[in-house]
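Heads up: the structure comes next, in structure tokens.
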Amino acid sequence: MRLVDRYERPLHDLRISVTDRCNFRCTYCMPREHFGVDHVFLEREALLTYEEITVVVRSLLPAGLRKVRLTGGEPLLRKDITALIEMLRNAGPDLDLALTTNGALLERYATALKEAGLNRVTVSLDAMDTALFQRMADTTNHGPDDVWRGIEAAMSVGLGVKINTVVQKGVNDNELLPLAKACVDRNIPLRFIEFMDVGNTNAWKLEDVLTGREVRRVLQERFGPLTPLQATERSQVARTYETMNGYRFGFIESVSNPFCGDCTRARLSANGSLYTCLFSSAGHDLKALLRMEAGEQEIQAAVRSIWEQRKDRYSAERSSMEEPASKVEMSFIGG
Ligand code: SAM
């Protein structure tokens, strides 16, 4: 049953985008110029159904799948998302089930998510300051207070909580310390993500990346020396550093310190294509197979043949290769 790619990397994690829609228009992810009122989102019919998603997950459990993360778009916008969580929990009682959210609707859903069998949420939060938060998320409907209420609700029902902050030079550098203080005070793990060149619409420039190392320099002035910790798992995406008081910051350094070598992750897009790298330009259509009545065995065989060919190492090779002509958008493939 062992399933490994050309570099001997197993398939342990699956990220599933359950919708390409979002209630935010983060300028680095779904800029309104490209995702405005006339943007055509996927029709309902094009989305994988919950039954179809469950077939894919079931098919991969015997091949070593351990973690599933629901993402999007904004996964809490998908109708009855808790029903999917329940189905996945029944499929894999030991599966590590997580969800990534912008937190705007988390207060409303926290209890139901926990009851459905979710283990953890990762909440994206880029600023404590309301004006900057709203500028970055390009929304006036929500602010950081809504997100914090969601985080508190999630913690109070017993969901694991982590916070992710995308850092853009000249945009939210002044928010690093306020965010760090808020998380240290509440003992919530905070991870800083380098602004990445995903998709084709976010006008990414290397000059806009504040590297993990630069963020650590800022943190050290306030929190004292940071000591790097040994990764607990080979495929861990965040590098962890500990303060003298034992608080741990994470750094996802996809640009300055790529981690492709250990990547055990596949992604299922909202319309049912399997991607073997966040920076892929094309996926492998599983939906067509599912709609031709393929069962778990056929899906497992299809994924096996895709994974065994896998040799993506985009982040590790980006400086020495030509930019792919077109990359899939983060909101579609799932961050
Ligand atoms: N809507 C959910 C959320 O906000 O967390 C889930 C989807 S979102 C695409 C997942 C994660 O991708 C978020 O933490 C977001 O900040 C991150 N992200 C999006 N575009 C990015 C980029 N260009 N570089 C780094 N992270 C990015």
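First listed ligand is number 1; within each ligand, the first listed atom is number 1.
- Nearest residue to atom 1 (N) of ligand 1 from G72, G73, G103, S254 is G73 (criterion: closest heavy atom).
- Heavy atoms of M30 stay at 4.0 angstrom or farther from ligand 1.
- Cation-pi contact between R248 and Y241: absent, since separation from the ring centre below 6.0 Å together with deviation from the ring axis within 45° is not met.
- Taken together through direct or relayed side-chain contacts under 4.5 Å among Ile, Leu, Val, Met, Phe, Trp and Tyr, F249 and L229 form parts of separate hydrophobic clusters.
- When only modelled atom types and interatomic distance are considered, S124 and N164 share no side-chain donor-acceptor pair under 3.5 Å.
- At a 4.0 Å heavy-atom cut-off, ligand 1 touches T71 through the side chain alone.
- Those atoms of ligand 1 with a heavy atom of F195 less than 4.0 angstrom away are 23 (N), 24 (N).
- The shortest N/O to N/O separation between P75 and ligand 1 does not fall below 3.5 Å.
- Any N or O atom pair closer than 3.5 Å counts here, and N164 shares no such pair with ligand 1.
- The proximity of N102 to ligand 1, defined as any non-hydrogen pair under 4.0 Å, involves the side chain as well as the backbone.
- For the residue pair Q236 / T232, a side-chain donor-acceptor distance below 3.5 Å is found, with atom types taken as modelled.
- Note that R186 lies in the cation-pi zone of W148, set by a 6.0 Å cut-off to the ring centre and a 45° limit from the axis.
- Within the 4.0 Å heavy-atom shell around ligand 1 one does not find C26.
- The shortest N or O to N or O distance between S124 and ligand 1 is under 3.5 Å.
- Side-chain atoms of E52 never come within 3.5 Å of backbone atoms of K287 as a donor-acceptor pair (strictly under, hydrogens ignored).
- Both L206 and F279 belong to a common hydrophobic cluster when Ile, Leu, Val, Met, Phe, Trp and Tyr are linked at side-chain heavy-atom distances under 4.5 angstrom.
- With a 4.0 Å cut-off on non-hydrogen atoms, T101 touches ligand 1 through its backbone and not its side chain.
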